[in-house]
Asks: 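The structure's right below; bear with me while I get my questions together.
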Amino acid sequence: MDATTDKDPLVQEQIYNALCYLGESEPEEILNSCDEYLRQHEKMAYPHRTIILKAMEAVVKNNIACLDKSTAKIVIFLASNEMTKSKEIIYDWQQAASNVLVAVGRRFINKVMEEVLTKFQPGILPHYFIMQTFANLSVSNVFGMVPFLNSILGTMLPMLGMAKQDHMKSVFCYALQHFSESIQEYLANLDKAPDPTVRKDTFSGEIFSAHDVLFNIWLQSREAKLRLAVVKALGPMSHLLPSEKLEEQLPKLVPGILALYKKHTEAFYVTKSLCQILEASVNVGSRTLDTQLDALLSNLHPQICAPVESSVPLSLKNHNEVLRCFTVLACTFPDRLLGFLLPKLENHNERIRAGTLIIMRQIINCAPSQMEIKKSFILSSMKLPLQDNSDKQPRKQMPEADDLTSDSVQNISINTLFLISTTVDRMDEGLASGFGICAINHLDETLAKLEDFVKSDIFKKSVGLFSIFKDRSDNEAEKIKSTLILCYGYVARYAPKELVLSRIEADILRNIFHYFDTKDLTLKLCLIRSICMISQAIYNSVQSDAFIFSRKAELLAQMMEFIKTEPLDLLRTPIRQRAMISCTYLVILEPPLSEPEHVELIDTCLSSVLALPPLDVLKERDGHVPDALHKETLYCDTISALKELLKSMLQKDLTPHGLQSMFEHLGPWIRSNKEHERERAVEVSATLLEFYRDKLNVSTVVPFYNLGVLVALFSPRCSDSLASIRLCAVDCAYYLLYIQLCYEGFAHDYRDEMVERLKDLKKGLEDPDFTILFNTCYNIAMVIGKRLPPDQLMSLLLTMFEGLADPDQNCSRAAAVMINALLKERGGVLLEKVPVIMALIHSKLQEVDEEHLRKAAQQTVYILASQHKTAVVSSLLGSSLPFDSHTCAMWKALATEPTLTPQILELLLDKVNRDVPYKENKSFLLGSTYERIATPLPFAATCALHEIMSAPESGAAVLGLYPHLFVALLLRVSCTVGVQLPKNLQSKERKSTSRSQGTRNLDPCSCAVEALRAMLTQGGSDEVVKSVESAGGWELMKSSDRHHDGIMLLARAMAKHAGPKLPLIVKNLFPMLNSVYDRQRITTTAFFAELLNSSVASDLILLESMMDNMTGRQKDPCTLVRMLALRGLGNISSGSPDKVRKHGAQLLASMVNGMDDKDDPDNVVALEAMSSLSKLLDHVEERDIRSMLLHIAIRIRPFFDNENHELRTSSIVLFGNLTKFSAGNCEDVFFEQILNGLVTLLLHLQDPKPEVIKACKFALRMCGPNMGCEGLCDMFLNHLHEDRSLHYGEFMNDVCKHLMQNYPEMLNRLISTNLFYFKSNWVDIRAAAPMFIGKMQNYPEMLNRLISTNLFYFKSNWVDIRAAAPMFIGFLVLHVDEEHCKQVDLDQLLSCEVQGRSPEQQQNPLLGGISALDRPACNGKRSSRVP
């Protein structure tokens, strides 16, 4: 028994024989030894256990009579355990164990049943071989088994509904068939039975219940094997049905059985079952059977008329079974039967007449009593057949080939033809068969005879055997050719195996090739059939392995040509089916097909078959009911032929590469948008994969490298619109996973628990509900994920992604579901493949614009990100900018999960902050200037933040990171002001702008602003966004010149609407005051400056720290930062006025330092210092300001005449405000400052800028009370209203009067100051200065100086000065006293006056000059000094 493990079959057979031989002499010792050995070697492989079990069966059979009970019990217990040890079906092993039980059961039935029934419990589906053992016991020991059947049936019936797998259903049918047969045998032999009281009705109820399940449910299965098992059972069961139930079922039962003729090419079992049903019906005296008679006759009669195929094993049995049916019907319906048959004898079709005669002979022989009374009627109907010249002799047994001699070849051939042929078509076949038989021992003579015929004129003269065609018309020449072709085929078929190869090409094919160019259907079919026989002859020859069939390619090409000529919209002939069968035999021959030949053959056959219209359409075209039945049979045969061809091609290359090559051709059909094409392709695929698994013999462990690709091809089809495709697709995945297990080294019979789950999941695919379907697809993907090797995962996913574009939307969705399931299960190992997967997702989103796909893709991105967030973010950041809608959707997918989104945002913030925001490149066009170019990574990360935060789902994550996001994006905005796009994006931006106004702005700063807006919106600060928007702040932020203004608007809105968020924001912004980037310091300072303008800074205890930081910025290298810092300090007066008094000295010192800023060429710092100081003065302590009052007054004085009107305005306003602090010991000092600035203030009442005039009015009103002149003070208060106009001349008249009256000692200072403004850049002020002097009438001592000074202005560059100088001198002369006229040198005056006149004035003296002196004086007197 140790030697049973030997792998040599011969050794195994010898061991088996030895055990049997020993068992003959010592049966019990051998059986006990076998039992002990098997129990001690539990891990022994089942093929070797099988040998021992078979030997035990033989020993038991041969020695059953002498076997004692103890040994029998040992054997029973062993066999029972061996049979059920594995839950999976391992046929040979378990069948051997079952056979042992059946052998023992012939004598020890009770012992066997006692053991086996312990494993047959109610409510638990039994082992397959438990039921088979019951069935076989019922046949081998009828009397011992039947008493158990009532109990077995009672337990078994509820199990029928539990059986889901076809093999279990089949074994239940097998059991019911044999139970019914044994019950019938028992009832037929009651006189010998141990219990003669047993009756039919003991079992009728249970049998009927089982019958109902089998007929109404299981018979409808698509699986042919199951239907066949059901049919085999229904016949015997019908004899046990209650009479009334059988009568009730007949109207459904008979048509149901007849319909099976269409579905099964092998009709024997259908006919046998039908005959049993007919017998049962007749036995109960059925009254409804006659309603089925017409259908019965129309189905049975053609089967007798058809020739019996000797090559089909059960054809003759079916023929006899049909005749039995006619016998049954003849006994009950003789009149109707003869009424149907006798008219057929007059039919012109010889086959129908011959078949009818066969039936007549049968019923006359087997129903003589019924036919006797019809004798005369029958004889009268036989007249016409008796006059028929056709030979109707019954067929005789053909002589054995070994009896032939060379002398009798021709005679035997003719005799064979005479005996076999009954019609013209059969005559052709008979003739060819005759030649074939002759070739068995006389090959060369037969070939010579055929060669003579080929050389003869076959259309005019018939030679030898072919003389049988001498009476045929000329139009039957094609039939002669067909017969010739068949003869060659049969000669090759029957020729001796050792001789045939030498004759194939030289003698047989050489003559056949002449006839391929034909359109005749019969000739084509004969050519195809002959090629089949020739191919088989080559394959079966002695030297077939070494034979190179040189004309193989030609024959294949011819077969393909036949296939191609068949119409793709019709199925009328068996050409394509027979041609594919011929190809099946050809491809297995040497030499192997070349790659182009291989491709062409597969594509030709697939296109010819799979592209046919649906079967229902084929049936309807050009046909009636019988034709439809024929087409269905032909269709099934054609599909079967395609499968066999593909299997034979696959057999030639049974490797992963061969499998891949096959499915490269099937793939497009599997993904076809036509249901019937997909259905056929997937069905063929399942057949091929099952074949591959069954035939695979792995000697070494090799990688199944394309497993992932193939699994992905079928997986999406698990949700196809057709249930049949869904189920087949699961089968394909099932076979593929088992093929993988085989390659991993597992045995063929190994059953994997996880893979087996696929069968259980098939039930969920029968439900059309999408929820159930997709849930099942998810579970299928999980099974695949657990069993797929790691190296196959990526190829599976890549191919599965292709399924997203499947034309069947269900399959597209299933692909998405399965991708996500696989990623959940196995995505953790795909880190390196993340970029590839992300690119695939993007490409599929571009291909298919479906909402369900977009959502699924987002789910895929989310799943990947949950496992590899850094890789996913990096991959997406590598997408081209601007992000298209698909990339945006992928970014938004990262906003859906509250736990993931914050991590993604933090990653992106890190990307924004890690790299420099821009790089400076020397401008090619601008020479030495530099342009700032945005760095790609922070730019892309900013755009990504915007996309994520645009999704409403991101709200919670944004809120959690609010301060960090706000600060990062705020600084990002500041760093991108004026920054340009990278060169590679600039052209893209220009194109997108010109193409569409709606294109998203790609400007770096705009992107940052949009991201900040989105962040505020999702962070619950929508009011901030609206407030800044209404003030135009977002646009200002993008401006290089006014960016800080936009930031201050943002800060103002934040203080108002988002105060509680500010402490952390301020904390995070403090370090930015020391940033290396000016822009970031500007932004931070501007933000803080405006916060100080609100009470929120004080309320949130931020004031001191912010004030200290603003003070520290006064030494910042950036002028704008220093200016904004001062503005912030000044804003404290608005935001926290109570704090100004506390920090007054510090604040004033800052302002003074700002006014003293040495690095302030445009005086922006000084301007802000003056403006802010003006705001602070209302809140500071007097003691703090007085110490620096004079310094401030002196420092701001130069700004009164600054070209910048803002500086003039601020300095003058500040001067006015300073007067509040001039009382006390500062009064005299400050009065001097007022006098120094008085002329300037009065003249600037004529300033071109209204705001400067307004400031001067304010300052003069403020100075008035400090000047010690009540009249002047009243004038300032009454006339210098900000909203009123001023009559400047009259006002100055009164001012000058007060000045002359109250401050005569100031005359020289006032005039000197006015003389300075003669050079003023402003016209109105230049005009006001001389007028000011003129209004002061007491100036004799300065007359000569004034005139000399004005003579200088005759040469001024300003036209208005040159024109005004003569008028002013005239004015002086007219108003001087006579005693002072000596000071005037008229010659000099006249000379200078002429030189200073313009050409126009020289030609026309009336235009000005001295003539002006002729004007009357102010007091109405003329001067006596007029020349």
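Just so you know, residue 1 is the first one in the sequence shown, and it goes up from there.
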Asks: Compute the ring centroids of H1244 and W1322, then answer whether they are less than 6.0 Å apart.
Replies: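 So the answer is yes for these two rings.
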Asks: Do H1043 and T1083 get their side chains close enough for a donor-acceptor pair, meaning under 3.5 Å?
Replies: yes
Asks: Determine yes or no for a side-chain-to-main-chain donor-acceptor pair under 3.5 angstrom, with W1034 supplying the side chain and G1046 the backbone.
Replies: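 Not at all, since once roles are kept as given, no pair shorter than 3.5 Å links the two residues.
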Asks: Could you tell me if the side chain of F1221 sits less than 4.5 Å from the side chain of V1180, heavy atoms only?
Replies: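 Of all side-chain heavy-atom pairs linking F1221 with V1180, at least one is under 4.5 Å.
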Asks: Does any N or O in the side chain of T942 come within less than 3.5 Å of the main-chain N or O of P938, such that one atom is a donor and the other an acceptor?
Replies: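 The answer is yes, because a donor-acceptor pair under 3.5 Å joins these two groups.
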Asks: For K919, check side chain to side chain contact (heavy atoms under 4.5 Å, CB included) against everything at least two apart and list the hits.
Replies: V916, T935
Asks: Closer than 4.0 angstrom, basic N to acidic O: yes or no for D1201 and R1208?
Replies: no
Asks: Which atoms form the tightest heavy-atom contact between L877 and A944, and what is the distance?
Replies: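 Answer, listing the atom of L877 first, then A944: CD2-CB, 4.1 Å.
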Asks: Please name all residues satisfying side chain to side chain contact (heavy atoms under 4.5 Å, CB included) with C1273, sequence neighbours left out, ordered by chain then number.
Replies: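 Residues passing side chain to side chain contact (heavy atoms under 4.5 Å, CB included) with C1273: P1265, L1277.
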Asks: Using a 3.5 Å distance criterion without hydrogens, assess whether the side chain of S874 forms a donor-acceptor pair with backbone atoms of T870.
Replies: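 Here the side-chain-to-backbone pair exists.
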Asks: Can you give the donor-acceptor pairs under 3.5 Å from side chains of residues 1253-1260 to other protein atoms, not counting sequence neighbours?
Replies:
from, atom 1, to, atom 2, distance (Å)
K1257, NZ, H1281, O, 3.0
K1257, NZ, R1284, O, 2.6

Asks: Among D1078, D1116, D1157, which residue satisfies the salt bridge (charged side-chain N to carboxylate O under 4.0 Å, His left out) criterion with R1122?
Replies: D1157
Asks: How long is the span from the NZ atom in K1249 to the CD atom in E1206, to the nearest 0.5 Å?
Replies: 9.5 Å
Asks: Counting only N and O atoms by type, is there a donor-acceptor contact under 3.5 Å from the side chain of T1219 to the main-chain atoms of G1216?
Replies: yes
Asks: Do you know the tightest heavy-atom contact between V1140 and S1133?
Replies: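 Minimum heavy-atom separation between V1140 and S1133: CG2-CA, 3.7 Å.
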Asks: Measure from the side-chain N and O atoms of T1313 to the backbone N and O of V1239, and report whether any donor-acceptor pair falls under 3.5 Å.
Replies: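 A pair under 3.5 Å: no.
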Asks: Students often mix this up, so state it plainly: with edges at 30° and 60°, are the rings of F1231 and Y1303 parallel, tilted or perpendicular?
Replies: tilted
Asks: Salt bridge check, K911 against E906: does any charged N sit closer than 4.0 Å to a carboxylate O?
Replies: no
Asks: Hey, what do you get for CG (L1103) to OG (S1105), rounding to the nearest 0.5 Å?
Replies: 8.0 Å
Asks: Determine the minimum heavy-atom distance between D1159 and T1119, stating which atoms define it.
Replies: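 Scanning both residues completely, I find the closest heavy atoms to be O-OG1, 3.7 Å.
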Asks: Checking Y962 now: which residues fulfil ring-ring contact (aromatic ring centres under 6.0 Å, His included) with it, not counting sequence neighbours?
Replies: none
Asks: Should K1038 and D1003 count as an ion pair when the cut-off is N to O under 4.0 Å?
Replies: no
Asks: Taking atom types as modelled, is there a side-chain donor on S1171 or S1210 under 3.5 Å from an acceptor on the other?
Replies: yes
Asks: Kindly say whether the aromatic ring centers of Y918 and F939 come within a distance under 6.0 Å.
Replies: no
Asks: Within the side chain of S1136, is there an N or O that forms a donor-acceptor pair under 3.5 Å with the backbone of I1132?
Replies: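 A pair under 3.5 Å: no.
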Asks: Which heavy atom in Q1018 sits nearest to a heavy atom in S954, and how many Å separate them?
Replies: CG-OG, 3.7 Å
Asks: Is D1022 salt-bridged to K1026, cutoff N-O under 4.0 Å?
Replies: yes
Asks: Return the minimal non-hydrogen interatomic distance between V1213 and S1174, and the atom names on each side.
Replies: CG1-OG, 4.1 Å
Asks: Say whether, by atom type as modelled, one donor and one acceptor occur between the side chain of S1006 and the main chain of L1002 under 3.5 angstrom.
Replies: no
Asks: Can you list every pair that meets salt bridge (Lys or Arg N to Asp or Glu O under 4.0 Å) and has a residue in residues 1134-1145, with sequence neighbours left out?
Replies: R1141-E1181
Asks: Do we see a donor-acceptor contact under 3.5 Å between the side chains of T1240 and R1197?
Replies: yes
Asks: For residues T976 and C1005, report the shortest heavy-atom separation together with the two atoms involved.
Replies: OG1-CA, 3.2 Å
Asks: Side chain of R1081, backbone of S1075: donor and acceptor closer than 3.5 Å?
Replies: yes
Asks: Using atom types as modelled and distance alone, determine if a side-chain donor or acceptor of N1163 lies under 3.5 Å from a backbone N or O of A1166.
Replies: no
Asks: Could you check whether the rings of F1215 and F1200 sit parallel, tilted or perpendicular, using 30° and 60° as the cut-offs?
Replies: perpendicular
Asks: Would you say S1172's side chain and L1126's backbone share a donor-acceptor pair under 3.5 angstrom?
Replies: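 Judged by distance alone, yes, a pair lies under 3.5 Å.
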Asks: Just list the side-chain donor-acceptor pairs under 3.5 Å for residues 1048-1074, sequence neighbours left out, or say none.
Replies:
from, atom 1, to, atom 2, distance (Å)
R1052, NE, E1090, OE2, 3.1
N1068, ND2, L1064, O, 3.2
N1074, OD1, R1113, NH2, 3.0

Asks: Rounded to the nearest 0.5 Å, how far apart are OG1 of T1085 and NE2 of H1044?
Replies: 11.5 Å
Asks: Side-chain donor-acceptor pair under 3.5 Å between H1205 and D1247, yes or no?
Replies: no
